[in-house]
Amino acid sequence: MENHQSWRLRFSFRNATIVVCLFNLVTVLLLLQGFLGGSGRKTSENGLDSAQWRYIMEAEELRRAMEPLQLIKRVREIQEEAYADPETSEQEKVPRKTAAVDLSKRLHDSRNLNDANSKKALEEWRKRKMERARQREMEKI
């Protein structure tokens with residue numbers, strides 16, 4: 001019996017919990033070391049030589065050279081102009097509205113004028129058509 005109780009003292013739930021927690025702690029420390037310490041080792045193990053570094057630097061320079069800097073600057077200027085003075089844009093809207101109203105009136109007047117012209121043209125066409133029909137009848141007789 002005594003042997004059985006010594007076994008219980010050694011492996012109680014408390015002791016088992018402590019052992020599992022220690023195992024988890026060691027596992028977490030090893031994983032952290034692998035993640036944090038491993039990245040430094042990989043770059044040193046790969047050991048890029050000078051030709052590879054030159055290739056990388058040239059590629060980076062080419063990528064930067066291909067950026068349309070002038071276009072980017074111009075777009076930024078346009079955006080700043082668009083958001084800079086809302087008062088100016090309101091002032092520009094007034095002439096635009098008057099110009100739009102003026103164009104609308106002129107278009108309406110031209111339509112009326114075209115309607116009158118088209119009516120005259122239609123009447124002349126009818127007259128000519130009637131005259132041609134009369135001439136044909138005269139020729140048949």
For this session: For side-chain contact (heavy atoms from CB on, under 4.5 Å), just list the numbers for Met66 and Arg63, CA-CA rounded to whole Å, side-chain angles, deciding distance to a tenth of an Å, and then say yes or no.
Result: CA-CA 5 Å; Met66 290 175 61; Arg63 185 189 63 80; 6.0 Å; no
For residues 126-141, run the donor-acceptor check on the side chains, cut-off 3.5 Å, and write out each pair with its distance to 0.1 Å, sequence neighbours left out.
none

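- One finds the CG atom of Asp49 at 4.5 Å from the CD atom of Gln52 (value rounded to the nearest 0.5 Å).
- In this structure, Trp125 belongs to a hydrophobic cluster whose other members, linked by side-chain heavy atoms under 4.5 Å apart, are Leu122.
- Between Glu123 and Lys119 no salt bridge is recorded (no basic side-chain N to carboxylate O distance below 4.0 Å).
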For this session: Please assess Glu58 against Arg54 for the test salt bridge (Lys or Arg N to Asp or Glu O under 4.0 Å), listing each intermediate value before the final yes or no.
Result: CA-CA 6 Å; Glu58 287 176 7; Arg54 255 186 279 122; 5.9 Å; no
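- A heavy-atom distance below 4.5 Å is found between the side chains of Ile18 and Leu22.
- Residue Val26 shares its hydrophobic cluster (ILVMFWY side chains chained together at separations under 4.5 Å) with Leu30.
- With sequence neighbours excluded, the residues forming a side chain to side chain contact (heavy atoms under 4.5 Å, CB included) with Thr27 are Phe23, Leu31, listed by chain and number.
- Under the side-chain hydrogen bond (donor to acceptor under 3.5 Å, both in side chains) criterion, the residue pairs touching residues 68-77 are Arg74-Glu77, with sequence neighbours excluded.
- Residues Thr17 and Cys21 meet the side-chain proximity criterion, which asks for heavy atoms closer than 4.5 Å.
- Not counting sequence neighbours, Glu61 has no partner by the side chain to side chain contact (heavy atoms under 4.5 Å, CB included) test.
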